[in-house]
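The structure appears right after this line, and notes come after that.
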Amino acid sequence: MKDKTADASVAAKRKKSNPQGMRMFLLVLPFLILCFLFSYFPLHGWIYAFFDYKPPLKLSQCQFVGFQWFKMLFANKTQVQQLTQVMINTFAMSFLTIVTSILPVGFAIFLSEIKCKWFKNLVQTLTTLPNFISWVLVYSVAFSLFSNSGMVNTVLQHLHIITEPMKFLDSDSHTWLAMLLWNTWKGLGWGSIMYLAAITGVDPELYDAAKVDGAGRFQLMRHITLPALMPTFFVLLMLAVANFLSNGMDQYFVFQNAFNKTHIQVLDLYVYNIGMTGRSISMATAISMLKSIISVTLLIVVNLVSKKTRGESII
């Protein structure tokens, strides 16, 4: 009894003597509230997947249909074919994005090697600015350059290289490649910022020691700079893999048209089209639910792989 009383008094003393923990909790509290409001609270909308929702009726006035929408996804042959093509597009775009995620690493390494400071800042500014341009403006640039009456077709026709305008935008040829190039142009400079910050943290003595041993410029990049960037690269890579099914829809929405709809429609855009254009919000919610479940499963798998290979988990 005396021991229990002593333990309770020690715990009470520790609680009183540890006000820093309470201050830290109060600092984190606003972010926990924001996380709950914008990440967890919207999940109650999943209930629409189990009703035959018809706007603007209230949910209580709609019929409860259980798993009907989930069954319909795989019951209709045309629906299955369409969903399969959407998943192929999603996986292809995500795979190409992950494969090219090494480009910001190379860009950051070569940019850090530029000795002329004003030129280096100019290149970094010009390559970072596209990240702040909305996809609507990016499409405006693409339309001005590559539409039938755009600058590229006009110049080629004036040079008598072509007689008919080339269909860059209203064509389904090389849609994945075109989307990848626009995405790379927009995000290359922004993606390299984190690697440039990592490069500044490399110990300069490593470079000095390697130079004394006779290492050249490319050897310094290969044996010191590149290994120093690998931990950052692999963490970002694992996060990208965990987010494999989330391509976003802004880019694909503004570039989609009747000609390239087959190969440009990724999962996020498909959900939007089903919910807004097809006016089947319940079906769109069911697809979105499946996407979230698959994404969480991928995140768990990647986390397990990270724990096994690196000894560190990302969550």
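With a 4.5 Å cut-off on side-chain heavy atoms, I88 and H263 do not count as touching. Residues C62 and Y48 fail the side-chain proximity criterion, which asks for heavy atoms closer than 4.5 Å. No side-chain heavy atom of T78 sits less than 4.5 Å from a side-chain heavy atom of Q82. For the pair T127/W185, no side-chain contact is recorded, criterion being any heavy-atom separation below 4.5 Å from C-beta on. Between T163 and Q157 there is no side-chain heavy-atom pair separated by less than 4.5 Å.
Rounding to the nearest 0.5 angstrom, the gap separating the CE atom in M179 from the CD atom in Q251 is 5.5 Å. Note: N148 CG to E164 CD = 9.5 Å, rounded to the nearest 0.5 Å. For the atom pair CZ of F253 and OH of Y272, the computed distance is 4.0 Å after rounding to the nearest 0.5 Å. The CG atom of L180 sits 13.5 Å away from the NE2 atom of H174 when rounded to the nearest 0.5 Å. Rounded to the nearest 0.5 angstrom, Q20 CD and M22 CE are separated by 12.5 Å. Note that the CG atom of N260 and the CG atom of D170 stand 8.5 Å from one another [nearest 0.5 Å].
Hydrophobic cluster membership differs between I114 and L229, with clusters built from Ile, Leu, Val, Met, Phe, Trp and Tyr side chains linked at under 4.5 angstrom. In the hydrophobic cluster analysis, where Ile, Leu, Val, Met, Phe, Trp and Tyr join through side-chain heavy atoms closer than 4.5 angstrom, M230 is grouped together with L237.
Across all non-hydrogen atoms, the minimal contact from L169 to A142 is CD1-O, 3.9 Å. When all heavy atoms of S112 and I109 are compared, the closest pair comes out as OG-O, 2.6 Å. Residues M87 and L267 share a closest heavy-atom pair of SD-CD1, 4.1 Å. Closest non-hydrogen pair, Q79 versus L73, comes out as CG-O, 3.6 Å. Taking each heavy atom of L196 and Q124 in turn, the nearest pair found is CD1-NE2, 3.4 Å. Closest heavy-atom contact between A108 and S192: CB-O, 3.8 Å.
Side-chain atoms of S282 come within 3.5 Å of backbone N or O of Y53 as a donor-acceptor pair. Judged by distance alone, the side chain of T128 and the main-chain N or O of T125 form no donor-acceptor pair under 3.5 Å. Between the side chain of S288 and the main chain of A284, no donor-acceptor pair closer than 3.5 Å is present. Remark: the backbone N or O of S144 is not paired with any side-chain donor or acceptor of S147 at under 3.5 angstrom. Using a distance-only test at 3.5 Å, with no hydrogens or angles considered, a donor-acceptor pair links the side chain of K186 to the main chain of I133. Side chain of T200 to main chain of A197: a donor-acceptor pair is present (N/O by atom type, distance under 3.5 Å, no hydrogens or angles). The backbone N or O of R217 sits nowhere less than 3.5 Å from a side-chain atom of R222 that would complete a donor-acceptor pair. The main-chain N or O of F168 is never found under 3.5 Å from a side-chain atom of S171 such that the two would form a donor-acceptor pair. Of the possible donor and acceptor atoms, one in the side chain of Q219 sits under 3.5 Å from a partner among the backbone N and O of G216. With hydrogens and angles disregarded, a donor-acceptor distance shorter than 3.5 Å links the side chain of W69 to the backbone of F51.
Within 6.0 Å of CH2 on W182 lie more than 12 heavy atoms contributed by other residues, nucleotides or ligands. Few gaps surround CZ on F132; more than 12 heavy atoms of other groups in view lie less than 6.0 Å from it. More than 12 heavy atoms of other residues, nucleotides or ligands sit less than 6.0 Å from atom NE2 of H223. Heavy-atom contacts from other residues, nucleotides or ligands closer than 6.0 Å to CE of M221 number more than 12. Around the CD atom of E205, the shell of radius 6.0 Å holds no more than 12 heavy atoms that belong to other residues, nucleotides or ligands. Within a 6.0 Å sphere centred on CE of M289, heavy atoms belonging to other residues, nucleotides or ligands number more than 12. By the neighbour-count criterion of 12 heavy atoms within 6.0 Å, atom CZ of F95 is sparsely surrounded, having that number or fewer from other residues, nucleotides or ligands. Within a 6.0 Å sphere centred on NZ of K115, heavy atoms belonging to other residues, nucleotides or ligands number more than 12.
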Could you check Q265 against Y252 for side-chain contact (heavy atoms from CB on, under 4.5 Å), going step by step and ending with a plain yes or no?
CA-CA 7 Å; Q265 202 167 213; Y252 307 100; over 6 Å; no
Checking F41 against H44 for the side-chain contact (heavy atoms from CB on, under 4.5 Å) test, could you report, in this order, the C-alpha distance in whole Å, the side-chain angles of both residues, the deciding distance, and whether it holds?
CA-CA 6 Å; F41 182 71; H44 80 280; 3.9 Å; yes
Go through the steps to decide whether M24 and V28 satisfy the test side-chain contact (heavy atoms from CB on, under 4.5 Å), and finish with yes or no.
CA-CA 6 Å; M24 292 297 108; V28 172; 5.5 Å; no
Hey, mind stepping through D172 and T175 against side chain to side chain donor-acceptor pair (under 3.5 Å) and telling me if it holds?
CA-CA 6 Å; D172 200 24; T175 302; 3.0 Å; yes
Test log, rule ring-ring contact (aromatic ring centres under 6.0 Å, His included), inputs F70 and F67
CA-CA 5 Å; F70 296 93; F67 290 94; 5.7 Å; yes
Tell me, with the steps shown, if D52 and K54 meet side-chain contact (heavy atoms from CB on, under 4.5 Å).
CA-CA 6 Å; D52 184 14; K54 297 184 186 303; 3.5 Å; yes
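Below 30°, between 30° and 60°, or above 60°: for Y40 and F36 the angle between ring planes is below 30°, a parallel geometry. Aromatic ring pairs are classed by plane angle as parallel below 30°, tilted from 30° to 60° and perpendicular above 60°; the pair Y195 and F233 is tilted.
Under 4.0 Å is where a charged nitrogen must lie from a carboxylate oxygen, and between D268 and K291 at least one such pair does. A salt bridge is absent between D213 and K211: the closest approach of a Lys/Arg side-chain nitrogen to an acidic carboxylate oxygen does not fall below 4.0 angstrom.
Side-chain contact annotation: Q85 with N89, donor-acceptor N/O pair under 3.5 Å present. In summary, the side chains of Y270 and T90 do not present any donor paired with an acceptor at a separation below 3.5 Å, with no hydrogens or angles considered.
Just one residue in the list V266, I287, T285 forms a side chain to side chain contact (heavy atoms under 4.5 Å, CB included) with V271, and that residue is I287.
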